[in-house]
Amino acid sequence: MTETTKTHVILLSCGSFNPITRGHVHMFEKAREYLHKTGRFIVIGGIISPVHDSYGKPGLVSSRHRLTMCQLAVQSSDWIRVDPWECYQGTWQTTCSVLEHHRDLMKRVTGCILSNVNTPSTTPVIGQPQNETSTIYQNTANKSVAIKLWGKMSESLGKICCVRPHMERFTFVDENANLGTAMRYEEIELRILLLCGSDLLESFCIPGLWNESDMEVIVGDFGIMVVPRDGADTERIMNHSSVLRKHKDNIIVVKDEIDHPMSVVSSTKSRLALQHGDGHVVDYLSQPVIDYILQSQLYINASG
């Protein structure tokens with residue numbers, strides 16, 4: 001496949017991020033690496049969307065802190081962004097709603113329709129305006145790479161919610177604001193995939209936990225990118241759910257012969273390490289996140 005015919009992907013991860021760990025960031029990196037190796041995809045961006053405070057999970061610290069910690073964890077990344085939209089809503093949002101929000105947002109910003117798993121778009125999606133002569137790609141050391149695309153989108157998205165806001169305050173303009181006349185774009189297929197660990201995939205198998213119509217949209221329309229944790233048997237998990245079996249082709253699982261140490265890192269382990277003064281916390285959390293936690297006195301006396 002040529003670079004222009006590959007599917008361009010934005011990876012979206014939803015969760016508590018309480019706190020965000022090295023494992024969360026590693027999951028993005030592993031997913032992007034694997035998708036690129038398939039030769040069928042180009043990952044142009046990653047979005048971290050922390051859950052709303054009203055989610056009600058015991059020990060969940062304020063979204064103000066969680067957003068800041070997420071920001072600190074990816075401050076050196078040139079492709080992963082923290083998105084505050086979910087936290088800024090009046091109440092908790094379903095994962096399906098968050099995915100649909102970003103799909104609709106991309107549509108408004110680009111003036112085009114995003115493709116989904118089942119019905120690849122015949123409508124131009126995103127790219128360079130057709131009346132410009134510059135190309136979307138450039139060759140660097142004989143390696144063709146996607147450039148400017150995520151930056152081009154972030155230029156508009158940043159006015160809304162998808163670039164790094166100032167640490168003191170997360171702001172974004174009214175989504176109904178006039179974003180100008182949409183330009184015509186050359187056709188590039190763009191999808192948003194839900195990025196998750198195998199633990200979230202397994203939660204789909206718990207009766208009554210997920211709304212079945214939401215599951216159909218998440219797996220059937222968007223698709224899931226799974227990075228296994230703790231040697232989980234993803235094949236067994238998928239066969240245990242009728243929805244997952246039905247849309248098995250829409251689930252991409254990172255195949256890694258060697259389990260990476262980051263695959264066993266979790267927010268729970270990180271909180272326990274903080275409470276017990278365990279020096280291994282440096283293996284779980286980045287130093288800027290640790291510094292912020294200590295400065296803000298988070299988790300130290302918390303339970304769970």
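These numbers were taken from a predicted model, which means no experiment stands behind them. Starting from 1, each residue takes its place in the sequence as its number.
The OG atom of Ser241 sits 9.5 Å away from atom NE2 of His247, with the distance rounded to the nearest 0.5 Å. Atom CG of Leu190 is separated from atom CD1 of Ile10 by 5.0 Å, given to the nearest 0.5 angstrom. Put simply, CD1 on Ile218 and CG on Leu99 are 6.0 Å apart, with the number rounded to the nearest 0.5 Å. Note: Leu244 CG to Ile237 CD1 = 9.0 Å, rounded to the nearest 0.5 Å. Between Arg81 atom CZ and Ile47 atom CD1 the span is 10.0 Å, to the nearest 0.5 Å. Separation of atoms CD1 (Ile224) and OG1 (Thr234) is listed at 11.5 Å; rounding is to 0.5 Å.
Under a 3.5 Å cut-off, the side chain of Gln297 and the backbone N or O of Gln295 do not form any donor-acceptor pair. Put simply, the side chain of Thr68 gets close to the backbone of Arg64: a donor and an acceptor are under 3.5 Å apart. Of the possible polar contacts, one joining the Asn250 side chain to the Gly220 backbone as a donor-acceptor pair under 3.5 Å is found. His36 contributes a side-chain N or O that, together with a main-chain N or O of Val43, makes up a donor-acceptor pair within less than 3.5 Å. Remark: the backbone N or O of Ile293 is not paired with any side-chain donor or acceptor of Ser296 at under 3.5 angstrom. In this structure a side-chain-to-backbone donor-acceptor pair under 3.5 Å is present from Ser266 to Lys269.
Judged by distance alone, the side chains of His276 and Asp278 never bring a donor and an acceptor atom under 3.5 Å apart. Side chain to side chain, His101 and Glu86 fail the donor-acceptor criterion of an N or O pair below 3.5 Å. Under the 3.5 Å distance criterion, with hydrogens and angles disregarded, a donor-acceptor pair is assigned to the side chains of His65 and Tyr292. A donor-acceptor contact closer than 3.5 angstrom links the side chains of Thr21 and His24. There is a side-chain donor-acceptor pair under 3.5 Å between Trp210 and Ser203. Asp291 and Gln287 form a side-chain donor-acceptor contact under 3.5 Å, judged by distance and modelled atom types alone. A donor atom on one side chain and an acceptor atom on the other are not found under 3.5 Å apart for Ser270 and Ser267.
Tyr284 and Leu60 fall into different hydrophobic clusters, where Ile, Leu, Val, Met, Phe, Trp and Tyr residues are linked whenever their side-chain heavy atoms come under 4.5 Å apart, directly or through other members. Note on Leu67 and Val25: same hydrophobic cluster, where clusters join Ile, Leu, Val, Met, Phe, Trp and Tyr whose side-chain heavy atoms are under 4.5 Å apart, directly or indirectly. Leu294 and Ile20 end up in the same hydrophobic cluster when Ile, Leu, Val, Met, Phe, Trp and Tyr side chains are linked at under 4.5 Å. Residue Val51 is not grouped with residue Phe17 when hydrophobic side chains (ILVMFWY) are merged at heavy-atom distances under 4.5 angstrom, including chains of intermediate members. Tyr55 and Tyr88 are assigned to two separate hydrophobic clusters, defined by single-linkage of ILVMFWY side chains at heavy-atom distances under 4.5 Å.
Using a 4.5 Å cut-off on side-chain heavy atoms (C-beta onward), Leu105 and Trp85 make no contact. Thr7 has its side chain out of reach of Arg40: every pair of non-hydrogen atoms, C-beta onward, lies at least 4.5 Å apart. At least one side-chain heavy atom of Val9 sits less than 4.5 Å from a side-chain heavy atom of Phe41. Leu298 has its side chain out of reach of Pro19: every pair of non-hydrogen atoms, C-beta onward, lies at least 4.5 Å apart. Using a 4.5 Å cut-off on side-chain heavy atoms (C-beta onward), His102 and Leu12 make contact. Counting heavy atoms from C-beta on, the side chains of Pro50 and Cys70 come closer than 4.5 Å. Contact annotation: the side chain of Leu72 never approaches that of Ser286 to less than 4.5 Å [non-hydrogen atoms, C-beta and beyond]. Glu216 has its side chain within reach of Val243: a pair of non-hydrogen atoms, C-beta onward, lies under 4.5 Å apart.
Considering all non-hydrogen atoms of both residues, Cys14 and Val98 come closest at SG-CG1, 3.8 Å. When every heavy atom of Val61 is checked against every heavy atom of Arg66, the shortest pair comes out as O-NE, 2.8 Å. Minimum interatomic distance between Val217 and Glu100 (heavy atoms only, all atoms of both residues): CG1-OE2, 3.9 Å. For Val282 against Ile290, the heavy-atom pair with the smallest separation is CA-CD1, 3.8 Å. Listed here is the closest heavy atom pair of Cys96 and Asp214: CB-CG, 3.6 Å. Minimum interatomic distance between Met27 and Cys196 (heavy atoms only, all atoms of both residues): SD-C, 3.6 Å.
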Residue pair Met225, Val253: steps toward the side chain to side chain contact (heavy atoms under 4.5 Å, CB included) verdict = CA-CA 6 Å; Met225 181 78 215; Val253 180; over 6 Å; no
message = If you apply the rule side chain to side chain contact (heavy atoms under 4.5 Å, CB included), what do you find for Ile42 with Ile44, and how did you get there?
response = CA-CA 6 Å; Ile42 297 175; Ile44 64 169; 4.1 Å; yes
request  = Carefully, step by step, assess Ile251 and Val226 under the rule side chain to side chain contact (heavy atoms under 4.5 Å, CB included).
outcome  = CA-CA 7 Å; Ile251 303 172; Val226 183; 3.9 Å; yes
key: Verdict with reasoning, Asn18 to Tyr299, per side chain to side chain contact (heavy atoms under 4.5 Å, CB included)   = CA-CA 9 Å; Asn18 187 44; Tyr299 307 116; 2.6 Å; yes
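More than 12 non-hydrogen atoms from other residues, nucleotides or ligands lie less than 6.0 angstrom from NZ of Lys248.
Using a 4.0 Å cut-off between charged side-chain N and carboxylate O, Asp221 and Arg103 make no salt bridge. Between Glu29 and Arg22 there is no salt bridge, since no side-chain N of the basic residue sits under 4.0 Å from a carboxylate O of the acidic one.
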